[in-house]
Amino acid sequence: MIKKQTRRTFLKRIIGSFLTVLGLSSGGYFYANRIEPSLLEINELDMNHPLIPKSFEGTKIIQFSDTHLGFHYDLAQFKKLVTKINDLNPDIILFTGDLMDEPNKYSKLNDLVPLLDRLHAPLGKYCIYGNHDHGGYGSEIYRNIMESTNFKVLLNQSIAIKLKDGSSFYLIGIDDAMLGNPDLPLALKNVQNNHFNLLLSHAPDLAEAASRYPIHWQLSGHSHGGQVKLPILGALIIPPFAQLYPEGLFRIEGRYPLTLYVNRGIGTTRLPFRFMAKPELTIFTLKSSR
Ligand SMILES: [Fe+2]
């Protein structure tokens, strides 16, 4: 009997052969398990918008995301990342969720605190919840550790970032889409429409909803850029809420046009591999123009 090969079985075969090759060739395994996860790509982008006040021109924002500490990413690696971020002299540091892989099982909180505390940014350190930060009743553990290290946790709320001359823009953070309760109207309650509004959402696909509100840019993580990608076929697994916008820069033409950037994150989860999805730090420079 001839069995018809469907697209699905074809894909499964390709994926299967990739994993076999990866499994059989110690070089491939070694690369995806040890080499690529330890690489770091630094991407630099301008964050342009006419509503960004002139006095914010040149302000440097660094975004890091998805460290997943405790799952094949340890404090020695995180210490190097902290030094790297501080050496880049950011004005603002943003963390877009998934700090520890399993917060309720993480045993090195006492050593993690001084490292997060060492991160320095004169205009502030801000963060939001990812799905792993809520996992295993971890919500309070995450909040405590971030607040004790001078990160402001933005949970469906906003904050005005102000300069001495009185100019400002709003930074808005919403809860995670998978395990939290994201509430955009609540988060935007104190925001002024005629200001530049920057949203942090762990889940990139919330950009669809965000484009119905006066939000001009959104920064996200969550996808890990697919974590393991195949040539031509792309990512093996993309989590829910990162299916539409898995990685990089997007323009969403909703009621209010929105620019979205999806960072690939630092660590790994579920599988200790990265392939064609290097860890990433993103540097944004504010520009008061289109
Ligand atoms: Fe993650």
Next item on the list: Give me the ring orientation class for His49 and Phe196: parallel if the planes are under 30° apart, tilted from 30 to 60°, perpendicular past 60°.
Entry: tilted
Note to self: Per the salt bridge (Lys or Arg N to Asp or Glu O under 4.0 Å) rule, what does the pair list look like for residues 201-217, sequence neighbours excluded?
What the structure shows: none
Check: Can you name the ring pair (Phe, Tyr, Trp, His ring centres under 6.0 Å) partners of Tyr170, sequence neighbours left out?
Finding: His195
Notebook entry, point to check: With the 4.5 Å side-chain cut-off for hydrophobic clustering, are Leu188 and Leu186 part of the same group?
Noted result: no
Notebook entry, point to check: When you check the side-chain N and O atoms of Ser139 and His134, is any donor under 3.5 Å from an acceptor?
Noted result: yes
Item checked: Aromatic ring proximity Tyr261/Phe284, centre distance under 6.0 Å -> yes
Margin query: Testing the 3.5 Å rule here: is there a donor-acceptor pair between the side chains of Asn263 and Thr282?
Written below: yes
Margin query: What I want to find out is whether Glu280 reaches Arg274 closely enough, with some N-O distance under 4.0 Å, to be called a salt bridge.
Written below: no
Notebook entry, point to check: Is there a donor-acceptor contact under 3.5 Å linking the side chains of Thr285 and Asp46?
Noted result: no
Notebook entry, point to check: Any side-chain donor paired with an acceptor under 3.5 Å for Asp98 and His222?
Noted result: no
Note to self: Hydrophobic clustering (ILVMFWY, side-chain heavy atoms < 4.5 Å, transitive) - are Leu260 and Ile174 grouped together?
What the structure shows: yes
Notebook entry, point to check: Rounded to the nearest 0.5 Å, how far apart are CG of Asp175 and CG of Asn156?
Noted result: 5.5 Å
Check: Side chains of His224 and Asp66: donor-acceptor distance under 3.5 Å anywhere?
Finding: yes
Check: Are Arg251 and Glu253 ion-paired here, with the side-chain N under 4.0 Å from a carboxylate O?
Finding: yes
Item checked: Basic-acidic side-chain contact under 4.0 Å: Lys60, Asp91 -> no
Check: What about Met47 and Tyr256, same hydrophobic cluster or not, with Ile/Leu/Val/Met/Phe/Trp/Tyr joined at side-chain heavy-atom distances under 4.5 Å?
Finding: no
Item checked: Arg264 bridged to Glu41 by N-O distance under 4.0 Å -> yes
Margin query: Tell me every residue that passes side chain to side chain donor-acceptor pair (under 3.5 Å) with Lys105, counting only those two or more places apart in sequence or in another chain.
Written below: Glu102
Note to self: Checking Ser220 against Gln218: is there a side-chain donor and acceptor pair closer than 3.5 Å?
What the structure shows: yes
Check: Mind checking what makes ring pair (Phe, Tyr, Trp, His ring centres under 6.0 Å) contact with Tyr73, not counting sequence neighbours?
Finding: none
Next item on the list: Kindly work out whether a path of hydrophobic side-chain contacts (I/L/V/M/F/W/Y, heavy atoms less than 4.5 Å apart) joins Phe71 to Ile237.
Entry: no
Check: Any chain of hydrophobic side-chain contacts (each under 4.5 Å) joining Ile35 to Tyr29?
Finding: yes
Next item on the list: Quick one: list whatever passes side-chain contact (heavy atoms from CB on, under 4.5 Å) with Lys80, sequence neighbours left out.
Entry: none
Checklist line | Contacts of Leu271 that satisfy side-chain contact (heavy atoms from CB on, under 4.5 Å) - sequence neighbours left out | finding: Gln227, Phe273
Notebook entry, point to check: Between Phe95 and Tyr126, is the ring centre distance below 6.0 Å?
Noted result: no
Notebook entry, point to check: Relative to the ring of Phe56, is the ring of Phe169 parallel (under 30°), tilted (30 to 60°) or perpendicular (over 60°)?
Noted result: perpendicular
Check: Would a distance-only check, ignoring hydrogens and angles, find a side-chain to backbone donor-acceptor pair under 3.5 Å from Trp217 to Asn48?
Finding: yes
Next item on the list: May I ask you to check whether Asp133 and His202 show a side-chain donor-acceptor distance below 3.5 Å?
Entry: no
Check: According to the interplanar angle, ranging from 0 to 90°, do the rings of Phe151 and Phe64 count as parallel (below 30°), tilted (30 to 60°) or perpendicular (above 60°)?
Finding: perpendicular
Notebook entry, point to check: To the nearest 0.5 Å, how far apart are SG in Cys127 and CE in Met146?
Noted result: 4.0 Å
